Each structure stands twice: as C-alpha cells, then as structure tokens.
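Below: one structure, written as structure tokens.
Source: prediction; values computed, not measured. Just so you know, ligand 1 is whichever comes first in the structure, and atom 1 is the first atom listed for that ligand. Residues take their numbers from the sequence shown, with the count starting at 1.
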Amino acid sequence: MLRLDVVTIFPEYLAPLDLSLIGRARRAGLVDLAIHDLRDHAHDRHRTVDDAPAGGGAGMVMRPEPWGEALGAVLAAGRAALGDTAAVPTLLVPSPAGRPFDQALARELAAQPWLAFACGRYEGIDERVLEDAATAMPVQPLSLGDYVLGGGEVAVLVVVEAVARLLPGVVGNAESLVEESHEDGLLEYPVYTKPAVWRGREVPEVLLSGHHARVARWRRDQSLRRTARRRPDLLAALDPATLDGSDLAVLAEEGWEVVAGRFQPRSPGVAD
Ligand code: JAH
C-alpha cells in the first residue's frame with residue numbers, strides 16, 4: 001500500500017487521479033490518496049494564500065502560515081492512515097529548480113510507503129516552508145523538464161502515474177514493465193499490429209517470420225539506432241561493457257565508437 005497526500009489550492013485539478021490506472025489502484029486498495037485544500041488552512045476572510053515578494057519584483061509568493069498548518073495536517077492524516085505515529089513522508093515539491101525526474105527516481109519513490117506533494121502556484125512557496133519541513137521529513141524538489149508550468153499540479157499527475165504503475169498489482173502484465181523505454185537505458189523499438197499492409201505500408205517482414213531470435217535482434221537494433229539518433233545523451237550514459245558485439249556493430253553504423261570505455265560520436269576523418 002502506498003499512501004499519497006497532495007496539498008493544492010486547486011483540488012479539482014487532480015480529478016484525473018479518480019480515473020484509469022490510478023483510480024483502479026485506489027479502488028483495489030493498492031494506493032491511498034488524500035487531497036488537501038491549502039485554503040482550508042488560511043484563516044482570513046478571503047482565505048488568502050499569497051503575498052508580495054520580499055525585496056520586490058513581479059508576481060506573488062505563497063505565504064508560509066497556511067503551508068505550515070497544511071503540512072501539519074498531512075502528517076496527522078497520514079500517520080492515522082498508516083497506524084504509525086512516528087512515520088514521515090518524503091515531501092516532493094514540483095519546481096523547475098528541482099532534481100530531474102526520471103525512471104530511476106520513479107523506482108526509488110515506488111519503494112517508499114508514504115509520499116506527500118506540495119503544489120506551488122505563482123512565483124513559488126516561501127523558502128522557509130521547505131526549510132522548516134526538512135527538519136521533520138526528507139524534502140525533494142523535483143523537475144519534469146526545463147519549462148515553467150502554472151503550478152505543480154500537472155507535475156503531480158505525472159509523478160503519481162509514473163510511480164503508481166510500478167507498484168505490484170497496478171499494471172496487469174509485469175513483463176510490460178521491464179520491456180519498456182528507459183528500463184535498460186534505451187528507447188523502445190517501433191511496434192506494429194494488423195493489418196500486415198495499411199495504406200501501402202507493410203509491417204517489417206521479420207516480425208511476420210515467426211523467427212523469435214531474429215525478431216529480438218531486429219528490435220534490439222531498432223532500439224539502439226533510435227537512441228543514437230534521437231537521444232545521444234542516453235547513449236553517452238550507457239556502459240559499453242553491457243552491450244554485445246552486434247550492438248557495437250549497429251552503433252558503429254550509426255557513427256558511434258567506444259573511447260576510454262564511453263560511447264562518443266566518431267570523429268570526422270582528415271581528408272588526404
Ligand atoms: C510553476 C510552481 N518542471 C516542470 C514544472 C514543475 C513545477 C512548476 N513548473 C514547471 C511550477 C509555478 C509554480 C511550480
């Protein structure tokens with residue numbers, strides 16, 4: 001069972017978590033999700049959660065008092081749900097300034113019993129909230145990429161889906177979890193289904209051959225070529241010692257060679 005708490009000023013934004021994979025996981029008792037409205041912890045007449053930035057500048061900053069109270073409510077609610085008065089969540093804070101979120105981090109998070117998310121809006125949350133929270137629990141700012149959203153809610157949808165589908169029982173076919181993009185540091189190979197010819201385009205004949213070893217080799221080659229062409233950064237991060245001779249031959253065709261135990265693009269030769 002994974003416990004999730006989300007604090008947001010837009011609880012309706014998280015409605016997709018009632019649907020599909022996550023909705024099914026919740027109904028099956030594999031995920032326990034609670035959404036907390038930050039404004040329930042703002043006590044002025046207008047339920048204010050923001051104020052002008054200290055030092056001046058554009059936009060608004062989320063005030064610390066509602067956040068301090070809301071995170072206290074998350075601790076109380078999660079501890080009651082888990083039946084553990086000493087438990088602490090990992091607090092994840094979507095931010096363009098966070099650690100890049102990837103499949104390795106999704107696996108780390110899926111191994112934890114309790115995750116909490118703090119969704120910022122405007123220019124962000126008063127920094128003292130995260131400093132104060134860090135005295136009680138691990139705090140991890142997370143980035144989904146180098147762009148700015150209106151707030152952390154969409155990032156929470158992404159992280160919750162990526163993590164929940166790694167939990168035992170959430171995805172039907174366990175093999176589909178290991179066979180997909182990024183599990184081996186390579187992009188996935190192209191996939192096809194019937195009909196064998198569509199608008200004059202054929203399914204590659206090897207896939208219709210029934211020759212399992214040839215199919216596996218073709219898929220491996222396609223993954224390697226795609227990764228080399230589309231994501232050279234992933235190729236440069238691979239350990240060449242984990243690849244076989246056929247892999248190295250395909251990557252040589254794509255213009256990659258191993259120098260000092262790392263892949264690098266083949267240097268242009270000098271004309272004679
Ligand atoms: C924007 C609070 N890396 C994606 C990402 C995550 C969070 C935010 N933007 C982009 C964000 C405004 C306020 C968070």
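- With respect to atom 8 (C) of ligand 1, the closest heavy atom belonging to the protein is Pro96 CD, 3.6 Å.
- When only non-hydrogen protein atoms are considered, atom 13 (C) of ligand 1 lies nearest to Tyr122 O, 3.5 Å.
- At most 12 non-hydrogen atoms from other residues, nucleotides or ligands lie less than 6.0 angstrom from CZ of Arg128.
- With hydrogens and angles disregarded, no donor-acceptor distance shorter than 3.5 Å links the side chain of Thr48 to the backbone of Asp50.
- Taking distance alone, with nitrogen or oxygen atoms compared against 3.5 Å, Leu144 approaches ligand 1 more closely than that limit.
- Remark: ligand 1 and Gly150 share no N or O pair separated by less than 3.5 Å (distance only, no angle test).
- Here Arg226 does not pair with Asp221 in a salt bridge; the nearest charged N to carboxylate O distance is not below 4.0 Å.
- What sits closest to atom 14 (C) of ligand 1 on the protein, heavy atoms only, is Pro94 O, 3.7 Å.
- At least one heavy atom of Gly145 sits closer than 4.0 Å to an atom of ligand 1.
- For Phe101, the CZ atom sits in a packed shell: over 12 heavy atoms of surrounding residues, nucleotides or ligands are nearer than 6.0 Å.
- Asp233 CG: more than 12 foreign heavy atoms inside a 6.0 Å radius.
- Each of Leu71 and Val61 belongs to its own hydrophobic cluster when Ile, Leu, Val, Met, Phe, Trp and Tyr are linked at side-chain heavy-atom distances under 4.5 angstrom.
- For atom 6 (C) of ligand 1, the closest non-hydrogen atom on the protein side is Ser95 N, 3.7 Å.
- What sits closest to atom 9 (N) of ligand 1 on the protein, heavy atoms only, is Leu149 N, 3.0 Å.
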